[in-house]
Amino acid sequence: MIQQFDMLIEGKLKPALSGKYFDAVNPSNGEVFARMADADTVDVQTAVSAARLGFDHGRWPQMGLAERGVYLLKIASLIRENAKELADLECASTGKTIKHTTFIDVPSAAETFEYFGHLSGSLISETVKNSSPVLSVVEREPVGVVVTIIPWNYPLIMTAWKLAPALLAGNCVVLKPSPVACASVMLLAKLAIQAGLPKGVLNIITSSRPQAGQELVSSPEVDMVSFTGSSKTGEAVMALASKGVKKLTLELGGKSPNIVFADCDMEAAIGGALSAIFMNQGQMCTAGSRLLVEDKIYQVFIDKLAARAKDLKIGPADSFETEFGPLVSVEHRDHVLKFIEKGRQEGAKLVLGGRIPEGNLKGAYLEPTIFTNVRNTMHIAQEEIFGPVLCVLPFTSADEAVHIANDTKYGLAAMVWSQDLEKANKVARRLRCGTVWINTYGAFLNEVPFGGYKQSGFGRELGLSGFWEYTQIKHIATDQTPGGKPLVCSWF
Ligand code: NAD
C-alpha cells in the first residue's frame, strides 16, 4: 500500500496548499512506496512564519533546559516504540540495508535525542570572575528561527543531530529533508506531534522543488541556517545566508584518506577499509574513498580486500541477508558510473566491479568497485564520488602518506591503521581534518564534536560544541560598587 505523508506546519500535519504530492521511489525495486506533500513557496513561507511566531511569542525559548529536555526524551522513547516502522521507511527511502537501519540509524537517532535531553541546565549560565566590581553573568540564549537542511544519505540520524540540540537550546525550527529520501523523517514529524511539542516550535516541509531550500535560506524571518550536504550546495547556501548576515554552519563533503601502515593488524584494517567505503554503498560523507597502503604490504592487502569485497552479498535492502544494497536512485548510480568511466580514461586500473550487477535485480544497483594505479591528481582521487568506488594509492613513508592525505580540498575525516600508537597519533595530528579514527572506522559519539576543515565546512555537530552552535552569548554586567558610585564607568 502506498502511504501518504503530509508536512508538519503550525503544529499540525498539513498537505501543500496546492494539494500536490511527489513520489518516493524505493531504490531496491524502482517502485513508488509513498507520496510526499510537495511544498510551494507559500507553504515554505507559512512554515517559516509559524516558527517566527513560535519563537517571538511562544513559551518555548523561555522554558528551562530541563523542561525542553523532557520533550526530547519523549521523542526518543517514541522513536524506540516505532523502531520497526522507522527502520522500514529509512530502508525503503535510501536503499540502506535493513540491518543498517535497524541496528544503526534508528537506535542512533534515539540516543542523540536522549543525550541532548539529559544535558544539564547549569550549562547555559555562568558567573565569570573578573578584576572589577562588576558582576559578570554570561548566558547562552537561543539564536531564534533556525532552518536546518539535510541530505538523503542519513535522513533520520541527520534529523536527530540537528533537531535535538537546536530545540534544546530554545530555537524554533524549520527542517527540510532531501526530496530524494524523506519518508522516515515525516514519520518522525508525527512522533514529534505525539510528543506534544508546542505549536510552531518544529516545522518540517518536503518539496520536490530545488528552490525550496533557497527560499528557506534567504527568508528574512530566519536567524540561522544549519546545512548538511555537498560542498557545491554549501557554497550556494553560504552566499544566500550572507543576506541578512545569518548565522551559519556547514557540514559538507569529503574525500577521506584511510592510511594503512605495514605494521597494522591486517584483518582489522581490511574490515575497516571495507566498512569505510562499502557501508551504505559508499554514500557517506566520511567514506574512506582514498585508501593509502604502505608499499611493503600493498599487493597482499589489495588482494585480500578485493576478495572480501567480491563476496559481499548484493541484493534488495529489505532482506536481512543483504550486505550491499542499491544506491539511492538510478540517477545517482548513473552519476557514479560516469566517475568510473572517467577513472578508466585517466588510466586507473579497475581491479573489482565497475558495472551494474548481472541478474534480475530491478533497482539502482552497482558493484563494489576498486581502482588501483591511481594518482592523487586524478579526478577520481580528488572529487567526492559518493558511491562504492575505492581509489588505492601506495606510499613509502609517513611523510608521503601525510602529504597525499592532505592533498585535497576536503578535510572531513581520516583513518590510520598501525599497531605503533605513538606513530599513529603523530600522523593523526598532522592530518588537516576534523576527525581521525585510529584502528577503527566510524566512531560517531554523541558526546564528541564532528565536523570539517577546509571545504568540508565549518561548525560542529554533536557534543557540547554542537549544542553551542545553536546558541548566542550574552554578557550581563551589574556594577556592584558599594555606595552607588560606579567605578568602572566613571569617565564623566
Ligand atoms: P545536496 O547538497 O545536493 O543537497 C543537500 C540538501 O540541500 C537537500 O535537502 C537539497 O534539497 C538541499 N538543496 C539543494 N540545493 C539547495 C540550495 N541551493 N539551497 C538550499 N538547499 C539546497 O547533497 P545530497 O546529494 O543530498 O547529499 C550528499 C552530500 O551530503 C555529499 O556531498 C555528502 O558528503 C554530504 N554529507 C555531509 C555530511 C557531513 O556531516 N559533513 C553528512 C552527510 C552528507
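Atoms considered below: every heavy atom in the structure, side chains included; atoms not considered: hydrogens, waters and symmetry mates. Ligands are counted one by one from 1 in listed order, and the atoms in each one are counted from 1 as well. Just so it is clear, the model here is predicted, and its values are computed rather than measured.
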With heavy atoms under 4.0 Å as the rule, classify the contact between [X] and ligand 1 as side chain, backbone, both or neither.
X	result
Thr228	both
Leu252	backbone
Tyr154	neither

With no hydrogens and no angle check, just 3.5 Å: does a side-chain donor-acceptor pair link Tyr21 and Gln4?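 There is such a pair between these side chains.
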List ligand 1 atoms under 4.0 Å from [X], heavy atoms only on the residue side.
X	value
Ile149	6 (C), 7 (O), 9 (O), 12 (C), 20 (C), 21 (N)
Val237	19 (N), 20 (C)
Ile150	6 (C), 8 (C), 9 (O)
Leu412	41 (N)

Is atom 4 (O) of ligand 1 less than 4.0 angstrom from some protein heavy atom?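 False for atom 4 (O) of ligand 1.
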If only atom types and distance count, is the side chain of [X] paired as donor or acceptor with the main-chain N or O of [Y] below 3.5 Å?
X	Y	result
Asp43	Ala16	no
Arg290	Ile404	yes
Asp38	Ser208	yes
His332	Phe386	yes

Check: [X] N/O within less than 3.5 Å of ligand 1 N/O:
X	answer
Ser456	no
Lys176	yes
Gly213	no
Asn153	no
Glu384	yes

Does ligand 1 have an atom that lies less than 4.0 angstrom from a heavy atom of Pro179? yes
For ligand 1, is there an atom lying under 4.0 Å from some heavy atom of Trp161? no
Ring centroids only, cut at 6.0 angstrom: are His100 and Tyr154 within range, meaning strictly under it? yes
Please tell me whether Trp60 and Tyr71 form a close aromatic pair, meaning their ring centres lie under 6.0 Å apart. yes
Counting heavy atoms only, name the option from [options] that's nearest to [atom].
atom	options	answer
atom 19 (N) of ligand 1	Arg209, Glu251, Gln214	Gln214
atom 23 (O) of ligand 1	Ser231, Ser230, Ala236	Ser230
atom 1 (P) of ligand 1	Thr233, Ile157, Thr206	Thr233

Which residue pairs satisfy the ring pair (Phe, Tyr, Trp, His ring centres under 6.0 Å) criterion with at least one member in residues 161-193, sequence neighbours excluded?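 Only Trp161-Phe444, Trp161-Phe450 qualify under ring pair (Phe, Tyr, Trp, His ring centres under 6.0 Å).
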